[in-house]
Protein chains: 2
Amino acid sequence: MSTVKEVCKLAGVSTATVSRTLKNPERVSEKTRERVFKAMQESGYRPNMLASSVKTGKSNALVVLVPNLTNPFFLKIIQGIEQAAQEKGYSVLLGDTQGEPERENEIASMVLSNRADGLIHLDHSFPFSKSDAHLADRVPVVSVCERIKGDKEFPVIELDNYAATRSLAKHLVNYGHRKFGIIAGQEESRIHHDRLAGIKGVFADEEIPFDDNMIVGGAYSIEVGQEGARELMAKPERPTAIFCFNDDIAIGAIFELKKLGLRVPEDVSVVGFDNIKVTAFMDPPLTTIDQPAHEMGRKAVEVVLQIINNVPLRRNREIFPFNILERESSGPVNPNF
Amino acid sequence: MSTVKEVCKLAGVSTATVSRTLKNPERVSEKTRERVFKAMQESGYRPNMLASSVKTGKSNALVVLVPNLTNPFFLKIIQGIEQAAQEKGYSVLLGDTQGEPERENEIASMVLSNRADGLIHLDHSFPFSKSDAHLADRVPVVSVCERIKGDKEFPVIELDNYAATRSLAKHLVNYGHRKFGIIAGQEESRIHHDRLAGIKGVFADEEIPFDDNMIVGGAYSIEVGQEGARELMAKPERPTAIFCFNDDIAIGAIFELKKLGLRVPEDVSVVGFDNIKVTAFMDPPLTTIDQPAHEMGRKAVEVVLQIINNVPLRRNREIFPFNILERESSGPVNPNF
DNA sequence: AAAAAAACTGCAATCGATTACATTTCAGCA
DNA sequence: TGCTGAAATGTAATCGATTGCAGTTTTTTT
């Protein structure tokens, strides 16, 4: 690869002029500008971004921390992030944490070693190691969907999870359901808490008793959905409707219910959360909450860039609207069930 | 962020010693080493990777070019890439090209501007722009799944697509099928060619006529699957079995067949390709080809690192084994159909 | 105890850019 | 023509590391 110096020689100018031709073209006369461009062409010059980053202190990259890359929902977010980042001239460093804190720490530390200017976190864990924690306040961080736990309040892009599950609960209650099961994901997260609160709220309004025993699960996976459905159906009082806290869980649950010889929604209604693409093509298509994942990803980039550029944030929480998609996996309660 | 100099002051040593403490600890006495480490601790020192990259000429990053991030199959590959890269101390820059050549060029040029040391391409297009093409031969590139077109032969990690579709075709022929439809993806690619050849091979063996009119499609999406199924079922001679060139297409096809009142597999058998997770939980579970996507991703990293480190490659094509998963979406031909 | 070898450490150049400051060039005008 | 200020360009310091070479200290050898 050729460097500025070769271009200098070819064009007969100084390094300063070459650099300016790219960064401040208006400060270079048209004649020399052309000469420099031609020289760049001839030498196949590419500015070394790392070198320029060293000097400017900006790497023009963002790290994205994902707990699990194979969840299609995250992908929609990441796609949004990727697009917005590209538009702003930033590149995206991908970090799949596999839920392991050490990996998380390692990836997060890329921001500390100047490899990236900011961090977008798709999980609720505090991503820095204890030893790095005190360095973390200078680091631009935003979280999407989840709120990061810990002392510091990081900006967050999220959905109104409370209202979303409220609307799902109302939808099911209107269909006459009174006996419910819940298959949840990780229980320590804020999301979990909010979603549960939404359901409880509606139950309180409708004077439906809430039974903690009907909450099962523990992770956002198809397998957990299967197991959860089996577990719920083995309870003395079987639910007629199941809340699944994401679509993967719902996929597993429906699969398992069918295997048990139950019909969805004639015997049991199932609702999901996230609206990953495939849910519209399932049999039956899944009633779920559509999250504007793409937009949320874009917003995350916008916000983290604001922090990077010291633009004051208008608010610390960006709440996105959801949309309940009433499809065929939910229906009227079956009185004979 | 503190730099080497602060550490120097605190530890009372030179920059050289600080640098060596991290990169060549054995060349520093234990006493000073400890002193330096303590100083690093106190000052919260993080080496600036960019600076070190400028000097060493290695960015320790790889770019991955993906045509479409939302395809779960790519995700499995990317996950493999990510893991292997992390293990080797490399980070992964993600580039979603959306199939747009300009984006592709822009992302690929990150390797030229020293932002990354190598490129992993998940598509068949030549990723560099015409003006960069002559710079491209110095760049470490490997492709996964697809072969990159153009003069230069880049190393490739792939599946034996020919054999894979042969085995699918045999599977269906053994069930008595004689009338087939094909819903394909992009037709210019090598994959398409190989897969078609596999099917044709079996047809030739079995003396089944091959009808070009029964090939429909044009992209790897659910929607194309839907449309393709509709189209095939409107043909004068309806197929009793459909090859879908990936699982997304199969998902769309099955959905649409059901909508047309047809049963899978009783009326029409459907097979997919890739074995994305959800296919095992569909109704019916999809017969498909399992690709070791994760391993292929890992291999891609291994190969690209070999190129980067000037280790001669043992072969230019790494062919991975497939596995046919005979699930319930395929079955005996229905004589009354 | 002196000489030779080995182990440490430091000085200063270097990587490839950017940029403050200095210098040169030139157009505009009296 | 000569002067002034703006525009164009160059010089050299700088960003934060790495590293060849040289100098110093310690250890080993005889």
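The distance from atom CG of A:N114 to atom C1' of D:dA17 is 11 Å, rounded to the nearest whole Å. Rounded to whole Å, the distance from CZ on A:R115 to P on D:dG16 is 18 Å. Between B:E26 atom CD and C:dT9 atom P there is a gap of 13 Å when expressed in whole angstrom units. As rounded to whole Å, 14 Å separates atom C1' of C:dG16 from atom NZ of A:K9. Atom CD of A:E6 is separated from atom P of C:dG16 by 9 Å (rounded to the nearest Å). Between B:N24 atom CG and D:dA17 atom P there is a gap of 16 Å when expressed in whole angstrom units. Straight-line distance from the CZ atom of B:R20 to the P atom of D:dA22: 14 Å, rounded to whole Å.
Listed by residue number, B:V54, B:K55 are the residues of residues 35-62 of chain B with a heavy-atom contact under 4.0 Å to DNA chain C.
Between B:S14 and C:dC11 there is no side-chain polar atom (N or O) within less than 4.0 angstrom of OP1 or OP2. Residue A:T15 places none of its side-chain N or O atoms closer than 4.0 Å to OP1 or OP2 of C:dA17.
Residue B:S19 is classed as a base contact, given a heavy-atom separation below 4.0 Å to a base. Within 4.0 Å of B:E30, counting heavy atoms only, lies no atom of the nucleic acid at all. No engagement by A:K5 is indicated, since no non-hydrogen atom pair under 4.0 Å with the nucleic acid exists. Residue B:V28 is classed as a sugar-phosphate contact, given heavy-atom separations below 4.0 Å to backbone atoms only.
Listed for the A:N48 side chain is a donor-acceptor partner under 3.5 Å among the backbone atoms of A:A51. Checking side-chain atoms of A:R33 against main-chain N and O of A:V28 turns up a donor-acceptor pair under 3.5 Å. Side-chain N or O atoms of B:S143 include one that pairs as donor or acceptor with a backbone N or O of B:E146 at under 3.5 Å. Judged by distance alone, with hydrogens and angles left aside, the side-chain atoms of B:R298 form no donor-acceptor pair with the main-chain N or O of B:G80 at under 3.5 Å. Within the 3.5 Å criterion, the main-chain N or O of B:R115 finds a donor-acceptor partner in the side chain of B:S59.
Checking C:dC8, D:dT18, D:dT11 against every side-chain atom of B:K23, the shortest atom distance belongs to D:dT18. The side chain of B:A16 approaches D:dT19 more closely than any other nucleotide in the set D:dT9, D:dA17, D:dT19. Minimum atom distance to the side chain of B:V13 is reached by C:dG10, of the listed C:dC8, C:dG10, D:dG16.
Using a cutoff of 4.0 Å between basic side-chain nitrogens and carboxylate oxygens, A:K76 and A:D274 are not scored as salt-bridged. Salt-bridge annotation for A:K299 and A:E302: present, with a side-chain N of the basic residue lying under 4.0 Å from a carboxylate O of the acidic one.
Toward the 5' end of DNA chain C, the nearer of the two residues A:R27 and A:V4, judged by each one's closest nucleotide, is A:V4.
In the helix from C:dA1-D:dT30 to C:dA30-D:dT1, the end axes, each obtained as the rotation axis mapping the C1' atoms of four pairs onto the next four within a five-pair block, lie 40° apart to the nearest 10 degrees.
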Could you tabulate the donor-acceptor pairs under 3.5 Å formed by side-chain atoms of residues 306-316 of chain B, not counting sequence neighbours?
from, atom 1, to, atom 2, distance (Å)
B:N309, ND2, B:L305, O, 3.0
B:R315, NH1, B:E318, OE1, 3.2
B:R315, NH1, B:E318, OE2, 3.3

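Smallest separation of non-hydrogen atoms from B:F126 and B:I148: CA-CG2, 3.8 Å.
Under 3.5 Å, the side chains of B:E82 and B:Q86 contain a donor-acceptor pair of N or O atoms.
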